[in-house]
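Data block below; observations after.
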Amino acid sequence: MCSETASRFQTPERGAALVTGSGGGIGRAIAISLSQAGWPVVLMGRRREALESTAESMPGEAALIAGDVRSREEVQAAVSMTESFGGPGLLVNNAAIMPIAPVHRAALEDWADTIDVNVHGVLNMTAAVLPAMRTRGSGHIINISSVAGRQAFPSAAVYSASKSAVDTLTEALRSELAVDAAHGGPVIRVTSIAPGAVDTDLPSSIRDDETRAGVETYYQKMPHVLSPDDVASAVQFAVDAPPHVNINDIVLRPVGMAR
């Protein structure tokens with residue numbers, strides 16, 4: 001690697017990490033982990049009190065905004081908050097909902113909400129950070145997907161479809177940005193992280209009582225489930241890779257999860 005090329009892959013001024021859905025669960029764990037690693041973190045979520053609780057648990061600099069990833073205006077406001085820390089250097093698209101139910105009992109509103117948050121939210125956030133990342137010449141986008149996007153399961157048709165869409169979007173963006181980097185353009189890494197069963201309050205977004213009870217029973221019968229910290233560790237692994245290394249895809253399951 002010539003010296004000119006090597007210089008492009010030196011660790012850049014990294015800016016701030018922006019983590020969506022960071023009021024609890026996986027997003028909270030990721031935000032705290034990144035803060036412990038020295039990142040200034042902008043927290044985004046719909047519950048201000050929950051975001052404040054996350055910020056209080058972080059050792060480093062933090063800013064927070066109560067906003068919805070479905071709103072382009074609120075997304076842009078969150079990205080603007082990173083500017084006081086040098087702009088967006090890392091985006092973790094974590095916000096998601098899972099109002100699953102059998103197709104014959106599902107509400108169309110639930111399907112629309114799932115696509116809006118899980119897919120349009122990722123698109124809104126990505127579109128908002130990319131211009132600044134391209135200008136600075138570096139960045140990293142991490143999308144929290146799900147094993148449900150790799151293998152659909154009963155009662156989760158639309159949720160699985162939404163996470164499959166996230167995986168496809170992630171790979172397409174990675175490929176596109178890799179072409180840019182290969183031709184001297186910005187070095188922007190893209191990663192998909194697909195967890196299996198994680199101990200979070202995501203099942204509480206299941207509005208169908210029978211389905212929610214079934215998921216809770218499934219989790220209870222499993223010898224172990226992942227913790228949010230397990231997912232945060234995977235994020236940190238991808239972030240800590242040398243600047244010329246792009247960890248494209250991470251799948252993690254509890255050892256007792258067969259599917």
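Residue indices begin at 1 and follow the sequence shown.
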When you compare the side chain of [Y] with that of [X], does any pair of heavy atoms fall below 4.5 Å?
X	Y	answer
Ile142	Leu91	no
Ile141	Leu130	yes
Val147	Met257	yes
Leu43	Ile65	no
His120	Ile115	yes
Ile193	Ser145	no
Leu177	Val190	yes
Val75	Thr20	no

Would you say that more than 12 heavy atoms from the other residues, nucleotides or ligands in this model lie under 6.0 Å from the [atom1] of [X], or not?
X	atom1	result
Arg105	CZ	yes
Phe153	CZ	yes
Glu210	CD	no

Transitive ILVMFWY side-chain link [X] to [Y], under 4.5 Å:
X	Y	value
Val215	Val103	no
Ile30	Val41	yes
Leu51	Ile97	no
Val187	Met133	no

Keeping [X] on the side-chain end and [Y] on the backbone end, is there a donor-acceptor pair under 3.5 Å?
X	Y	result
Thr191	Ile247	yes
Lys163	Ile144	yes
Asn124	Val69	yes
Ser35	Gly60	yes
Ser162	Asn118	no
Ser22	Met44	yes
Ser71	Asp68	no
Thr82	Ala78	no
Arg212	Ile206	yes
Thr114	Asp110	yes

The side chain to side chain contact (heavy atoms under 4.5 Å, CB included) partner of Asn93 among Val166, Leu169, Asn143, Thr170 is Asn143

Classify the side-chain pair Asp167/Ser192 by whether it contains a donor and acceptor separated by less than 3.5 Å. yes

Rounded distance [0.5 Å steps], [atom1] in [X] versus [atom2] in [Y]:
X	Y	atom1	atom2	result
Leu34	Arg14	CG	CZ	8.5 Å
Arg253	Arg150	CZ	CZ	8.5 Å
Met81	Gln76	CE	CD	13.0 Å

Quick test of your reading of the model: are Asp229 and Arg28 salt-bridged, counting only N-O distances below 4.0 Å? no

Could you check whether Arg174 pairs with Asp249 (Lys NZ or Arg NE/NH1/NH2 to Asp/Glu carboxylate O, under 4.0 Å)?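 A salt bridge is absent here (no side-chain N lies under 4.0 Å from a carboxylate O).
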
So which atom in Leu64 and which in Ala55 form the shortest heavy-atom distance, rounded to 0.1 Å?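 Heavy atoms of Leu64 and Ala55 come nearest at CD2-CB, 4.2 Å.
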
